[in-house]
Structures are given as C-alpha cells and as structure tokens.
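Remember, it's 1-based here, ligands and their atoms both numbered in the order they're listed. Excluded from the calculations below are hydrogen atoms, water molecules and symmetry mates; all remaining heavy atoms, backbone and side chain alike, are included.
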Amino acid sequence: MSIILHGDYISQPCRSLGIFLKVNNIDFQLNDLQIYKGSAVYASIHTEEYARMNPFKRVPTLEIDGMFIVESVAALQYLGDRKDVADHWYPKDLKDRALVNTYLAWHPADMRKHAHGYVQALFGGGSIDESTAKSNYEAMLDNLETIWLKANPFLAGSKLTIADLHCVCELSQLEAYGKGYLTEQRPKLAVWMEKVKANLQPHFNEVHTSFMAEAGERYQEYKSAKL
Ligand SMILES: N[C@@H](CCC(=O)N[C@@H](CS)C(=O)NCC(=O)O)C(=O)O
C-alpha cells in the first residue's frame with residue numbers, strides 16, 4: 001500500500017495525520033507543500049494540479065493507493081480502522097466510537113473555530129479583535145476543562161484516541177505564537193496535555209520542532225512589519 005501525506009506541518013490537521021502515521025509505524029511519504037514559502041501564501045496548493053487531488057485546495061490530502069481523502073478527520077478515521085492500528089485510537093465498540101465521533105464533530109465548529117480565530121486575530125485578520133478572540137478561545141478551553149475532561153482523563157473516555165491527537169495539534173498552534181496553552185487555571189487540561197504529548201513522543205516533538213520555529217518566525221516578522 002502506498003501512502004502519501006500531501007501537506008505541511010505548519011498546518012494543524014497535517015501535524016495530526018503525520019503524528020498518527022508515525023506513532024503507528026505506518027510507512028508513508030510526506031509531500032511537503034511548504035504553503036507559506038515562496039511569493040504567495042498557499043501558492044503551492046492553489047494550482048490546477050493540486051486541485052485534481054483536492055478540489056478545496058486545502059491541506060492535508062491523504063493519498064492512499066491513488067485515492068484522495070480530503071478531510072483530516074475522515075483520513076484519521078480511515079487509518080484508525082486499519083487492522084494494524086491499536087483499537088484504543090478509534091474503538092470498534094460502537095458506544096466508545098460514538099464518544100470519539102462526538103468530539104470530532106464538535107472540533108471544527110467550536111474548538112478549531114476559536115483556536116483558528118485567535119491565530120487569525122494575532123495576524124490582524126478575521127472579523128474580531130485580539131482580545132475578543134482570546135476570550136472566545138479561553139471560553140473554549142473552559143469547555144475542554146469542565147465538559148470534555150470533567151469525568152475522564154481523555155476527551156472520549158479512559159483511553160487516548162484520535163480526538164485527543166486532533167485537539168492537541170490545534171492547541172500547539174497557539175504555543176508557537178507565544179500564547180501558551182493557558183492551562184494555569186485549568187488543572188485537568190494541564191494534566192491531559194502532558195499525558196497526551198507523552199504518549200505521542202518522540203513524534204510529537206519531531207513534527208513540532210520545525211513548525212514551532214517557522215511559525216514563531218512568521219509571527220515575529222509580522223509584528224516587526226507592523227511597527
Ligand atoms: N477541514 C479541513 C481543514 C483544512 C484546512 O483548513 N487547511 C488549511 C491549513 S490548516 C488550508 O489548507 N488552508 C488553505 C486555504 O484555505 O486556502 C481538514 O481538517 O482537513
């Protein structure tokens with residue numbers, strides 16, 4: 001089976017897929033599209049050639065034997081169903097699986113919306129100012145602390161799943177911009193974060209190292225240009 005991850009680890013869902021493949025020892029190639037390199041942002045994915053793989057012209061695209069999966073959650077679910085992947089990632093038990101799917105359904109419209117909204121505001125984009133974006137982001141972190149992690153050590157129960165992986169890769173985006181994880185007042189989130197990262201090592205650090213440097217540089221450049 002041939003697997004190619006088309007993406008760039010500066011993108012949260014790309015990191016999530018890359019880490020999953022590495023942690024599970026699944027052979028793959030990374031087609032590093034370097035979406036912020038070159039004359040225009042996203043130039044490498046806003047091409048007709050890329051659109052043939054992913055008509056939305058977004059990353060990631062997971063190519064499996066010539067089939068293209070263009071949504072990261074669908075790609076994680078597909079990989080999680082493989083026989084050589086431990087059951088805890090995406091449990092076969094329907095009730096356990098429903099909990100994972102519930103988080104994954106919540107993630108784009110709530111978690112990612114506010115994490116991404118905060119990043120956009122840091123770069124002067126989006127429709128809200130930085131302080132409103134930060135409040136929305138903090139309210140979302142409170143939901144993680146008081147709802148998702150209220151009774152369980154992981155987002156979908158007692159075991160590490162693709163829900164935790166997807167969430168932690170989104171939170172790390174803010175750390176790269178010097179905004180930290182804001183876990184001081186959120187002890188459950190703090191413990192969860194350390195546990196999830198520890199379970200993903202050494203791949204979490206490996207995938208995040210270059211991303212952290214590149215993201216930090218972009219933010220510094222943006223701030224200097226504004227002065
Ligand atoms: N729902 C998609 C979101 C993908 C996405 O938003 N990717 C961003 C990078 S993090 C992108 O490719 N943006 C380029 C654009 O929107 O033009 C997924 O999870 O796969």
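Summary of contacts: the protein heavy atom closest to atom 15 (C) of ligand 1 is Tyr42 CE1, 3.7 Å. The single protein non-hydrogen atom nearest to atom 6 (O) of ligand 1 is Arg112 NH2, 2.9 Å, given as residue, atom name and distance. Considering only non-hydrogen protein atoms, atom 19 (O) of ligand 1 sits nearest to Ser72 OG, 2.6 Å. The protein atom (non-hydrogen) at minimum distance from atom 10 (S) of ligand 1 is Ser11 OG, 3.3 Å. In terms of protein heavy-atom proximity, atom 17 (O) of ligand 1 is nearest to His46 NE2, 3.1 Å.
For Glu71, a nitrogen or oxygen atom sits less than 3.5 Å from a nitrogen or oxygen atom of ligand 1, counting backbone and side chain alike. Taking distance alone, with nitrogen or oxygen atoms compared against 3.5 Å, His166 stays at or beyond that limit from ligand 1. For ligand 1, the polar-atom distance check against Arg58 finds no nitrogen or oxygen pair separated by under 3.5 Å. Between Val59 and ligand 1, an N or O atom pair is found at a separation short of 3.5 Å.
The side-chain tip of Arg58 does not point at the ring of Tyr42 from less than 6.0 angstrom away and within 45° of straight on. Within the cation-pi definition used here (under 6.0 Å to the ring centroid, within 45° of the axis), Lys134 does not qualify as a partner of Tyr118.
Less than 4.0 angstrom separates some heavy atom of Gln12 from each of these atoms of ligand 1: 10 (S). For ligand 1, the atoms lying closer than 4.0 Å to a non-hydrogen atom of Pro60 are 20 (O).
By the 4.0 Å heavy-atom criterion, His116 is excluded from the residues contacting ligand 1.
Ion pairing of Arg82 with Asp84 is present here, as a side-chain N (NZ or NE/NH1/NH2) and a carboxylate O approach within less than 4.0 Å. The pair Glu170-Arg15 fails the salt-bridge criterion, with no side-chain N (NZ, NE, NH1 or NH2) lying under 4.0 Å from an Asp/Glu carboxylate O. Ion pairing of Lys57 with Glu48 is present here, as a side-chain N (NZ or NE/NH1/NH2) and a carboxylate O approach within less than 4.0 Å. Between Glu145 and Lys188 there is no salt bridge, since no side-chain N of the basic residue sits under 4.0 Å from a carboxylate O of the acidic one.
Using bins of under 30°, 30° to 60° and over 60° for the plane-to-plane angle, the ring pair Tyr50/His6 lands in the perpendicular bin.
With hydrogens and angles left out, the side-chain atoms of Gln77 and Tyr90 include a donor and acceptor closer than 3.5 Å.
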